[in-house]
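In this text the structure is predicted, and so the values were computed from the model without any measurement. Numbers restart at 1 for each chain; the letters A, B, ... are given by sequence-line order, proteins then strands.
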Amino acid sequence: MTERTCPVRRSAPEAGVTRPAYSAMGDTARKRGKAMPLFRTLTLAATLIGAALAHSLPAAAQDRGPLRIEITEGVIEPLPYAVPDFVAETPAAQQYATDIARVVASDLTGTGLFREIPAGAHISRVTSFDAPIAYADWQAINAEALITGAVNVQGDRLVVKFRLFDVYSGQPLGEGLQFAATTGSWRRMAHKVADAAYSRITGEGGYFDSRVVFVAESGPKDQRAKRLAVMDYDGANVQYLTDSSTIVLAPRFSPAGDRILYTTFETGFPRIKLLNVASVQAQLLPETPGTMTFAPRFSPDGRQVVYSLEQGGNTDIWKMDLGSGQSVRLTNTPAIETAPSFSPDGSRIVFESDRSGTQQLYVMGANGGEPTRISFGQGRYGTPVWSPRGDLVAFTKQNAGRFHIGVMRTDGSEERLLTASFLDEGPTWAPNGRVLMFTRETAGAGGEPRLYSVDISGRNLKPVATAGAASDPAWSPLLP
Amino acid sequence: MKLHSSALLLIGALALAACNNPDRFGAGGPGGAGAGGAGYGQGGANDPNSPAYFAQTIGDRVLFQVDQSTITPEARMILTGQAQWLNSHPQYTAIIEGHADEQGTREYNLALGARRASAVQEFLISQGVAGGRLRTVSYGKERPLAVCSEESCYAQNRRAVTVISVGAGS
């Protein structure tokens, strides 16, 4: 079920469209490569459709053109779009045709970058996937993008086709695509449609067809029961991976999404366990007796684990080769060194240490060596996570009795705090490096954690739908 | 992709049933309602040879300042008493549980709890308790004793608890 194996017509238009958008970023952004302040990223989102528009409108009209996303005082004008119910090509496809369109809309609108024009306002009806688009009807309701689709269900096999149109230029944006799978995977196919639409309009990778592993919590604060669970990024399809007989913490997906590392107290002491997602079989990683091991993360090639090992009260960072079970020590100080995270190229590790007296962020080579401190602001910094794009480090910051999720460049510059609350912690990156999910815990005896997401501009802060209390989210890669 | 709880996990659940006893995390408390030693099944708080006496009369826990693992003068007195009891009751071993308040990130608090447990262990060893009888574990901020989000609760949660168990040292 990949978009490359079954295109309606073969094309990869995104790459070509992205380039002119970059050239418009300006010198500062270009020098810094892909990483740029978010308002530029969002301008990029509008520029892509704007680039198509430029073919049919005089240059002078572009600045005031309807496709531009206006950014004023931190408020973004979301791009209006329409996604009518998909066309049911077989009787059994009727419900799916509606449901898939609704999930696509939920994905796109949920980003905060798009605004759906509801079906009640539509003038034109899409009754056939191949019928010509009545662009004037969609222009009349100010839809700038239009997504049409068709669903064919035979037995348990479901095929979804879709097309994306730039309404104002009156032409398709990219080629039509189709996805085929079983009916049980209908939500994934909807996410794939939304990912393709999002990617074409913004020029960035999608993140909707992804999963999140997290800790589902229940019970009173002093006897909290915890178990591992995995769900779609939007909270659907929850499945539990462990029971709640022991404390489990901080699961992390492997780069391929097929394995999960987590910390468990099942032996009575914190130990790292490696779980195979498909079989739900897990095994404890080897450890030195009398030590505690925790805070594991995979290397980008999935073959190594970087983690914390505590011995005699001192916590340092170690790296284990999963094939041999052999570990090497990467830090060796009396300070607490924990929360290591690889750079996406595998060459460096960002981690936290209190060697300066308080928790701060440091970067070292993948084999250890003298680290460079990168956090210098007020307060304490922990749980650094390297972004999948490689450009930013997300972190938890504690200052003046408040917790924040923030991002900074990998050299520590341009720190930006995205959230503030009684207790925010543990960010995880969406596969496209645009959105962070994290734990937000409320205060007091009845306080409990929930999952929230926010984009890297600090916009679109919102709770993630979970059945109950939840903590320690970790995003999977985009699914294949 | 169908997911099942594995048999291994269920086995783990049985093996750890004792860990779900809230007494493990200090619900009895020093000067508490007296239930603290009930789980040990022998003697009472008035029997100087009982683990309940250790937990309630001597005091099984010491408290720490914010983000610190230094043994305070008050803690020294309690730990001195713990060491004397352990030295005169060699049939017991102990696990020292380090805890942190909720004002910190999860991983750091695990490490901080380990520092606290280790500080207690070192003090007990300095008072003559054989190191082989003492293990440490950290629960970080996972098992608060007091659940409010104020310093009055945080102060109780920044603790190390010496949990007595029967059996020869490892």
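Per-residue counts of heavy-atom pairs under 4.5 Å with chain B were compared for G312(A), A250(A), A295(A); the largest is that of G312(A). Interface check for chain B: of the options Q398(A), E337(A), R227(A), E441(A), the most heavy-atom pairs under 4.5 Å are formed by Q398(A). When each of G290(A), S471(A), G446(A) is scored by its heavy-atom pairs under 4.5 Å with chain B, the top score falls to G290(A).
Residue N87(B) qualifies as enclosed at atom CG: its count of foreign heavy atoms under 6.0 Å is above 12. R76(B) CZ: 12 or fewer foreign heavy atoms inside a 6.0 Å radius.
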message: Run the side-chain contact (heavy atoms from CB on, under 4.5 Å) test on I95(B) and F269(A) for me, step by step, so that the C-alpha distance in whole Å, both residues' side-chain angles and the decisive distance to 0.1 Å come before the verdict.
response: CA-CA 11 Å; I95(B) 294 178; F269(A) 302 87; 4.2 Å; yes

message: Using salt bridge (charged side-chain N to carboxylate O under 4.0 Å, His left out), reason through E107(B) and R252(A) one step at a time and then give a plain yes or no.
response: CA-CA 14 Å; E107(B) 296 87 343; R252(A) 312 291 182 203; 3.4 Å; yes

message: For a salt bridge (charged side-chain N to carboxylate O under 4.0 Å, His left out) check, start with the C-alpha distance between E425(A) and K141(B), then their side-chain angles and the critical distance, and finish with the verdict.
response: CA-CA 13 Å; E425(A) 74 170 300; K141(B) 61 176 174 178; 2.4 Å; yes

task: Please lay out, stage by stage, how T338(A) and L110(B) fare under the test side-chain contact (heavy atoms from CB on, under 4.5 Å).
output: CA-CA 10 Å; T338(A) 188; L110(B) 268 181; over 6 Å; no

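The two atoms that bring I336(A) and A111(B) nearest to each other are CG2-CB, 3.4 Å, heavy atoms only. Across every non-hydrogen atom of S149(B) and F422(A), the tightest pair is OG-CZ, 3.6 Å. Contact detail for P270(A) and V137(B): the closest heavy-atom pair is CD-CG2, 3.8 Å.
A cation-pi arrangement is present between R380(A) and Y108(B), with the terminal nitrogen or guanidinium carbon under 6.0 Å from the aromatic centre and inside a 45° cone about the axis.
Neither the backbone nor the side chain of S308(A) comes within contact range of chain B, judged by heavy atoms closer than 4.5 Å. For a residue to count as touching a neighbouring chain, one of its non-hydrogen atoms must lie under 4.5 Å from one of that chain's; by this rule D67(B) touches chain A with the side chain only. Residue contact with chain B, scored on non-hydrogen atoms closer than 4.5 Å, involves the backbone of P334(A) exclusively. With a threshold of 4.5 angstrom between heavy atoms, S69(B) does not approach chain A through any atom at all. Only the side chain of D354(A) comes within contact range of chain B, with at least one heavy atom under 4.5 Å from a heavy atom of that chain. Interface residue T291(A): only backbone heavy atoms are found under 4.5 Å from chain B. At a 4.5 Å heavy-atom cutoff, the contact between L423(A) and chain B is made by side-chain atoms alone.
No option in R224(A), K226(A), K221(A) other than K226(A) meets the salt bridge (charged side-chain N to carboxylate O under 4.0 Å, His left out) test with E142(B).
Between atom CE of residue M292(A) and atom OG of residue S138(B) there is a gap of 4.5 Å, rounded to the nearest 0.5 Å. Atoms CZ and CD1, on R143(B) and I247(A) in that order, are 4.0 Å from each other to the nearest 0.5 Å.
When the heavy atoms of residues 115-125 of chain B are compared with those of chain A, the residues falling under 4.5 Å are R115(B), S118(B), E122(B), listed by number.
Judged by distance alone, the side chains of Q359(A) and T105(B) do bring a donor and an acceptor atom under 3.5 Å apart.
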